[in-house]
Amino acid sequence: MIAVLKQNATNEQIESLTAWLKERGLTVHISRGELYTILGLIGDTSRIDTELLEGLEMVDSVKRVSEPFKSANRKFHPDDSIIEIGNLKIGGPHFQIMAGPCSVESLEQILSVAKSVSASGAAILRGGAFKPRTSPYDFQGLRADGIDILLEVKKQTGMPVVTEIMNANHLPMFEHVDIIQVGARNMQNFELLKELGKLQKPILLKRGLANTLLELLMSAEYIMAGGNHNIILCERGIRTFETYTRNTLDLSAVPMLRQLTHLPVVVDPSHATGNTRLVQPMAMAATAAGAHGLIIEVHPDPVNALCDGAQSLTPEQFAEVTEKVHRIRGIVEPGAALQ
Ligand code: PEP
Ligand code: MN
């Protein structure tokens, strides 16, 4: 349920109404927009007499929210959420590019990629340390050593890092990681999501291979229900009957999610297509569709990559992508911050 307050509602009135609602066992989220303040009410709202609430002087209107996702719902928070990563921002007018190899392979590899991608416009460095591979015989990632390498490169370059977690027991290793990624295969690992809800760190939540947008939003809701509202959603392609591409990039997910939720939405054109040649057009299309950012795999030597070489861009190819993406940003959001 949401209660839209009148423009002239005072802080004192808001506080006393909030306290009254909390006494009735509800969790109250306050969203202060430019025009309205909205109280988002979560819990058993059947105990609330809507007519009584609507009759209060400071209340403009009361609406039931029928969707099962509440905190993630744009009705609860009409303005775009802006997530802060150190002094970077993503969401609203802020657009960010995350780039780096599929897997952390060595310090030299990560350092060279970090320098080249940051020179061409990526502000955030990606690299998998724990890799969810289909085959147990494939490279599983450098694990803890991979995280150490990312953090060393973060120290040397100042770039924030994003890397995937697969097991909540590994959380202590992620203390200095800037964005924790939940991969497609763990989107519905609800116990992991609950643990991430206890943090205040930004979470990059990737859509599962065969999950609906509603399921993605419900997974975000799991994290938010624990108190962590710093979530970035990621469309990375879904499984369809098509086999020429690794997945099918569901681009309409971007405007659909932007309508349904206030959370930032980024697109991963690398895993979505599985094909180097398709990354540039889909990165451009995602930007045109209104994505708040991109996450792109870049490797200094894709042919010899230990993972996902076929979809990895060289630093030169990546520079061409960012140049085109920035031109499209200029059309989608003229005057807005490119980074
Ligand atoms: C990744 O980003 O490295 C990854 C494994 O992606 P996804 O979970 O989308 O497959
Ligand atoms: Mn990969």
Side-chain angles (χ1 to χ4, degrees), residues 96-105 109-110 113 117 122 124-136 138-143 146-147 149-150 161-167 170 174 177-189 192-193 196 202-213 215-216 219-220 231-240 245-251 253-254 257 265-276 278-279 282-283 286 291 293-314 318:
Q96 295 295 343
I97 301 178
M98 313 178 199
C102 180
S103 312
V104 177
E105 297 172 10
Q109 173 224 25
I110 296 296
V113 159
V117 298
I124 301 165
L125 178 66
R126 68 148 284 150
F130 292 92
K131 293 304 306 174
R133 304 304 301 275
T134 302
S135 166
D138 285 340
F139 177 58
Q140 301 287 304
L142 295 182
R143 302 171 68 83
I147 305 244
I149 290 173
L150 282 173
V161 295
V162 53
T163 192
E164 178 168 354
I165 192 163
M166 296 206 293
N167 185 332
H170 296 160
F174 285 71
V177 166
D178 301 274
I179 305 175
I180 301 181
Q181 174 175 325
V182 176
R185 289 152 192 84
N186 272 306
M187 187 203 90
Q188 287 190 314
N189 181 340
L192 176 62
L193 301 179
L196 298 175
I203 308 295
L204 178 70
L205 179 63
K206 296 186 99 176
R207 181 179 182 182
L209 277 71
N211 286 112
T212 63
L213 296 181
E215 287 164 341
L216 172 63
S219 290
I231 301 171
I232 303 160
L233 301 172
C234 180
E235 164 58 40
R236 46 77 72 208
I238 48 174
R239 191 158 278 185
T240 67
T245 48
R246 183 176 180 182
N247 292 287
T248 296
L249 179 55
D250 178 10
L251 263 191
V254 176
L257 285 169
V265 182
V266 304
V267 169
D268 173 347
S270 307
H271 292 90
T273 62
N275 182 334
T276 303
L278 302 186
V279 172
M282 297 327 277
L294 298 166
I295 178 163
I296 297 179
E297 286 189 344
V298 180
H299 195 286
D301 180 17
V303 179
N304 291 305
L306 293 182
C307 182
D308 286 351
Q311 67 194 33
S312 298
L313 302 184
T314 60
F318 176 71

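Order of listing sets the numbers, starting from 1, for every ligand and every atom in it. Side chains included, hydrogens not; waters and symmetry mates left out as well; all remaining heavy atoms used.
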field: Backbone or side-chain N/O/S of His271 under 2.8 Å of the Mn ion (ligand 2)
entry: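 So His271 does bind the Mn ion (ligand 2) by this criterion.
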Which of the atoms of ligand 1 are close to [X], meaning less than 4.0 Å from one of its heavy atoms?
X      : value
Glu164 : 4 (C), 5 (C)
Arg236 : 7 (P), 9 (O), 10 (O)
Arg185 : 7 (P), 8 (O), 10 (O)
Gly183 : 8 (O)

- prompt: Would you say the side chains of His299 and Asp308 form a donor-acceptor pair under 3.5 Å?
  reply: no
query: So, Gln311 versus Arg246: side-chain donor-acceptor pair below 3.5 Å or not?
result: yes
- request: Return the name of the atom in Glu297, of element N, O or S, nearest to the Mn ion (ligand 2).
  value: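 Minimum-distance N/O/S atom of Glu297 relative to the Mn ion (ligand 2) is OE2.
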message: What is the name of the N/O/S atom of Asp308 that is nearest to the Mn ion (ligand 2)?
response: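 The Asp308 atom nearest to the Mn ion (ligand 2), restricting to N, O or S, is OD2.
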task: May I ask you to decide whether Asp138 forms a salt bridge with Lys131, counting only side-chain N to carboxylate O separations under 4.0 Å?
output: no
message: Any carboxylate oxygen within less than 4.0 angstrom of a Lys/Arg side-chain nitrogen, looking at Arg126 and Glu297?
response: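 Between Glu297 and Arg126 there is a salt bridge, with a charged N closer than 4.0 Å to a carboxylate O.
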- prompt: Is the closest N or O pair between Ala184 and ligand 1 shorter than 3.5 Å?
  reply: yes
Roughly how far, to the nearest 0.5 Å, is the [atom2] atom of [Y] from the [atom1] atom of [X]?
X      : Y      : atom1 : atom2 : result
Ile296 : Phe318 : CD1   : CZ    : 5.5 Å
Glu105 : Leu142 : CD    : CG    : 8.0 Å
Glu235 : Leu233 : CD    : CG    : 10.5 Å
Cys102 : Arg133 : SG    : CZ    : 6.5 Å

task: Return the residue, atom name and 0.1 Å-rounded distance of the protein heavy atom closest to atom 6 (O) of ligand 1.
output: Lys206 NZ, 2.9 Å
- prompt: Which residue supplies the protein heavy atom nearest to atom 4 (C) of ligand 1, what is that atom called, and how far is it?
  reply: His271 NE2, 3.5 Å
field: Arg207 touching ligand 1 at heavy-atom level, < 4.0 angstrom
entry: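 Heavy atoms of Arg207 never come under 4.0 Å of ligand 1.
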